[in-house]
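Numbering of residues begins at 1 and proceeds along the displayed sequence. As the structure is a computational prediction, the values presented were derived from the model and not from experiment. Quick note: numbers below take in every heavy atom, side chains included, and nothing from hydrogens, waters or symmetry partners.
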Amino acid sequence: MTDPHAIDTAIAALEAQRALLGDAAVDAGLAVLREKLGATTQQLRHVTVLFLDVVGSTELSHRLDPEDMHAVLDGLLTRATATVQAFQGKVLQYAGDSLLAVFGRLLRAEHGEQ
């Protein structure tokens, strides 16, 4: 159960059974449900964002053949991507001669994993 609404419903249902089940049983069940609820709520996390942009790439593109320019940028972005991944980061976007990456967040959470 990971839906916050379903967990809230289960908490209310368990609270309603307190007289029948007793405080100890209800409190034990509530502790588990509240822990799950806490795990599903949003949390602030420290992250580092990296933006890489090749300075002077426009001028360089005027002096190189398109194939050579592509090779230079492709090589740079390939190496930058490997470096980001080596430090457990994730590239979020490529745009021309730039790269946007993030470090320090739970990357698996976006895929529904914990």
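- Two residues are said to be in side-chain contact when any heavy atoms from C-beta on lie closer than 4.5 Å; D68 and V72 fail this criterion.
- Note that CG of L14 and CZ of R34 are 9.0 Å apart. Values are rounded to the nearest 0.5 Å.
- Nearest heavy-atom pair across V84 and K90 is CG1-N, 3.6 Å.
- I11 and V32 are members of different hydrophobic clusters when ILVMFWY side chains are connected at heavy-atom separations under 4.5 Å.
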### Task
Could you go through the side-chain contact (heavy atoms from CB on, under 4.5 Å) check for D97 and T58 one step at a time?
CA-CA 9 Å; D97 66 344; T58 302; over 6 Å; no
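- Nearest heavy-atom pair, E15 versus L30, reported as atom, atom and distance to 0.1 Å: OE2-CD1, 3.0 Å.
- A side-chain contact (heavy atoms from CB on, under 4.5 Å) with F103 is found for exactly one of T48, V49, V47, namely T48.
- Side-chain contact between R18 and D27 is present, with at least one heavy-atom pair separated by less than 4.5 Å.
- Among all heavy-atom pairs drawn from D74 and T78, the shortest one is O-OG1, 2.7 Å.
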### Stepwise side-chain contact (heavy atoms from CB on, under 4.5 Å) test for L99 and L76
CA-CA 10 Å; L99 170 145; L76 170 77; over 6 Å; no
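- Evaluation of the side chain to side chain contact (heavy atoms under 4.5 Å, CB included) rule for Q85 yields T81 as partners, not counting sequence neighbours.
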### Task
Kindly determine whether S98 and Q93 satisfy side-chain contact (heavy atoms from CB on, under 4.5 Å), including the steps that lead there.
CA-CA 8 Å; S98 67; Q93 182 177 9; over 6 Å; no
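- Counting only heavy atoms from C-beta outward, the side chains of L77 and L52 approach each other to under 4.5 Å.
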